[in-house]
Amino acid sequence: MARNLVDDEFKAAALHDAVYGLREKRPLSSASVAFVPWQKWLTLSLVAVAVLALVVATIPTLTVLTAVCTAGYIATLADRLLLFSRGLARDAIFTVDDDVARAVPEQELPTYTVLVPAYNEPEVVGDLIAAMTAIDYPAEKLQVLLLLEEDDAVTIAAAQEAGLGEIVEILLVPAADPRTKPKACNYGLHFATGDIVTIFDAEDLPEPLQLRRVAVAFDRLGDDVACVQAKLAFHNGTQNMLTGWFTADYALWFNFVLPGLMRSNSPIPLGGTSNHIRRSVFDEIGAWDPYNVTEDADLGVRIAETGYRTAVLDSTTLEEANSDPINWIRQRSRWYKGYLQTWLVHVRRPIRLWRGIGTVGMLRFTTLLAGTPIIACLNMVFWLITISWLLGQPFLVEEIFPWYVYFPALISLVFGNSAVLYMNLVACRETGNSALWLACLTVPLYWLMMSVAAIKGTYQLIRNPSYWEKTFHGLSS
């Protein structure tokens with residue numbers, strides 16, 4: 001049976017804070033409202049101006065829009081190549097050797113809380129408990145809270161049948177909207193006893209020494225490091241072409257792009273798992289936003305905005321790559337929606353953001369969090385334009401691509417696609433995934449799926465911003 005950890009009054013207060021805490025204390029930092037009034041009116045005004053301009057001066061307006069989009073493509077590509085080159089450096093990722101991690105006396109290790117939110121995932125609970133039990137950390141200093149919704153009977157039953165072991169305990173999260181992972185983590189944080197708090201997803205297989213490595217990293221990196229992000233990879237990358245694309249995507253992001261960001265003052269959008277954060281930082285900047293569907297990225301920006309840093313650690317947590325296209329689109333559309341949510345939230349106070357992360361950091365924050373989903377949406381538009389030109393060479397397409405727009409766009413197309421293919425190949429080779437060379441070369445098909453997911457996520461941002469689309473696990477063969 002799940003243990004009754006505290007009395008009902010404390011549980012009620014914990015639930016209220018989990019749902020409303022950030023919204024009440026820092027309303028402008030909450031994504032409970034997707035667009036504040038000035039953002040809504042500014043967006044509507046820009047759309048109205050664009051429509052009017054298209055009616056009055058169709059060709060010049062389309063040409064200007066195409067030129068602006070091309071400039072955005074080139075700027076984003078240049079910045080991604082810069083981050084990739086910085087991530088190639090040997091010292092880009094903080095490394096703690098096995099012997100050093102094991103040598104720390106147990107009495108000097110900090111207390112640790114691991115939060116593991118799970119919902120409707122009975123098929124992975126047994127493996128989850130085994131993975132938590134395999135962590136190399138003193139049991140008396142480790143608390144693992146399995147966060148289960150109180151009405152999720154199948155997962156509760158599966159956890160009880162699997163046997164919890166010495167360190168894992170069930171914490172039932174009261175059923176309340178929003179039904180999101182960050183709400184569950186906020187609730188669990190009220191019961192956390194550790195000096196360091198981390199999150200693992202239900203299907204995660206963290207490297208056993210990861211917590212010890214993090215403890216050493218915090219000790220060596222200084223008090224201004226609030227978070228240590230471990231790398232994420234997949235154990236089923238060769239299952240099918242989709243998992244191959246997904247694995248290459250993660251290999252580039254976690255092994256090169258994030259380490260490149262670590263070498264700058266820019267915000268690091270955290271991964272949804274294996275981010276290890278000092279408990280004292282939560283008390284200062286607030287916990288997760290239960291209304292933001294990429295609460296990890298939002299927290300990463302808040303960490304940077306308040307003057308703290310995030311380090312990337314050379315320790316890997318294995319996950320299950322989505323092998324089903326529909327399931328993948330559900331997950332990726334949520335990520336894109338959350339990136340836009342996070343960008344909208346933090347530009348509500350642009351001066352404060354600029355003072356916290358600087359000019360370069362603010363530009364990079366925009367290209368990563370707003371640019372990534374917007375460019376994925378625009379890809380579909382430009383692919384359709386290209387197809388229409390190849391099929392019929394309509395006069396309109398020729399008119400909106402004068403030479404001073406056409407040649408930069410051509411460079412962006414040819415050099416940009418080649419550069420991304422090259423980065424994927426390097427990332428897979430350097431991470432021991434050379435067998436995925438075909439996935440790297442066929443990645444444009446993956447971009448098509450990204451575009452579909454981005455359009456879906458953008459639509460949901462308007463229609464249902466805080467809806468959490470469930471990703472199903474246990475599909476790997």
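The first residue in the sequence is number 1, and the count goes up from there. Values reported hereafter were calculated over all heavy atoms of this structure, with side chains retained and with hydrogens, waters and symmetry mates removed.
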Using a distance-only test with no angle check, is there a side-chain donor-acceptor pair under 3.5 angstrom linking Arg348 and Ser29? no
Geometric class of the Tyr446/Trp245 ring pair [parallel <30°, tilted 30-60°, perpendicular >60°]: tilted
When rounded to the nearest 0.5 Å, the distance separating CG of Asp79 from CZ of Phe84 is 14.0 Å
Using 0.5 Å steps for rounding, measure from the OH atom of Tyr250 to the CG atom of Leu232. 5.5 Å
Please step through side chain to side chain contact (heavy atoms under 4.5 Å, CB included) for the pair Phe218 and Ile196, ending with a clear verdict. CA-CA 10 Å; Phe218 273 126; Ile196 301 174; 3.6 Å; yes
Do Ser333 and Gln460 have a side chain donor and acceptor closer than 3.5 Å? no
Working for side chain to side chain contact (heavy atoms under 4.5 Å, CB included), residues Glu319 and Phe246: CA-CA 11 Å; Glu319 296 190 308; Phe246 206 177; over 6 Å; no
Can you measure from OH (Tyr339) to CG (Leu461) and round to the nearest 0.5 angstrom? 15.0 Å
Around atom CH2 of Trp41, are there more than 12 heavy atoms from other residues, nucleotides or ligands closer than 6.0 Å? no
Could you tell me whether a side-chain N or O of Gln39 sits under 3.5 Å from a main-chain N or O of Leu344, the two making a donor and an acceptor? yes
Spell out, as yes or no, whether a donor-acceptor pair under 3.5 Å connects the side chain of Asp152 to the backbone of Asn120. yes
Taking Ser30 for its side chain and Pro27 for its backbone only, find out whether a donor-acceptor pair lies under 3.5 Å. no
Side chain to side chain contact (heavy atoms under 4.5 Å, CB included), that's the test. Do Lys231 and Thr431 meet it? Break it down for me. CA-CA 11 Å; Lys231 298 186 297 183; Thr431 56; over 6 Å; no
Test salt bridge (Lys or Arg N to Asp or Glu O under 4.0 Å), reference Glu469, set Lys337, Arg334, Lys456, output is Lys456
Asp314 side-chain N/O to Ile93 backbone N/O, donor-acceptor pair under 3.5 Å: no
Under 3.5 Å, side chain of Gln341 to main-chain N/O of Pro465, donor-acceptor pair present? yes
When you check the side-chain N and O atoms of Thr273 and Asp204, is any donor under 3.5 Å from an acceptor? yes
After noting the C-alpha distance and the side-chain angles of Thr306 and Glu284, does the key distance pass the side-chain hydrogen bond (donor to acceptor under 3.5 Å, both in side chains) rule? CA-CA 9 Å; Thr306 49; Glu284 181 179 346; 5.6 Å; no
Please answer whether the main-chain N or O of Pro408 pairs with a side-chain N or O of Ser412 as donor and acceptor at a distance below 3.5 Å. no
Quick one: do the Thr342 and Asn292 side chains pair a donor with an acceptor below 3.5 Å? yes
More than 12 heavy atoms of other groups within 6.0 Å of Trp354 CH2: no
Distance-only, no hydrogens or angles: does the Arg278 side chain make a donor-acceptor pair with backbone N or O of Val225 under 3.5 Å? yes
Roughly how far, to the nearest 0.5 Å, is CG of Asn240 from CG of Asp324? 9.0 Å
May I have the step-by-step check of side chain to side chain contact (heavy atoms under 4.5 Å, CB included) for Arg309 and Ile268, ending in yes or no? CA-CA 9 Å; Arg309 294 189 298 123; Ile268 293 183; over 6 Å; no
The reported gap from CG in Leu242 to CH2 in Trp328 (rounded to nearest 0.5 angstrom) is 7.0 Å
Smallest heavy-atom separation, Pro290 atom then Val19 atom, equals CG-O, 3.4 Å
Please list all pairs meeting side chain to side chain donor-acceptor pair (under 3.5 Å) that have one or both residues in residues 176-199, counting only residues at least two apart or in different chains. Asp17-His190, Thr111-Asp195, Gln143-Thr193, Asp151-Arg179, Lys181-Asp201, Thr198-His276
For Arg355, look at atom CZ and say whether over 12 heavy atoms of other residues, nucleotides or ligands are found less than 6.0 Å away. no
Could you tell me whether a side-chain N or O of Arg23 sits under 3.5 Å from a main-chain N or O of Ser32, the two making a donor and an acceptor? no
Output for pair (Leu62 CG, Thr66 OG1), nearest 0.5 Å, gives 6.0 Å
Could you tell me whether a side-chain N or O of Arg86 sits under 3.5 Å from a main-chain N or O of Arg263, the two making a donor and an acceptor? no
Check the surroundings of atom CH2 in Trp38: do more than 12 heavy atoms from other residues, nucleotides or ligands lie under 6.0 Å from it? yes
Thr61 side chain to Ala53 backbone, donor-acceptor under 3.5 Å: yes
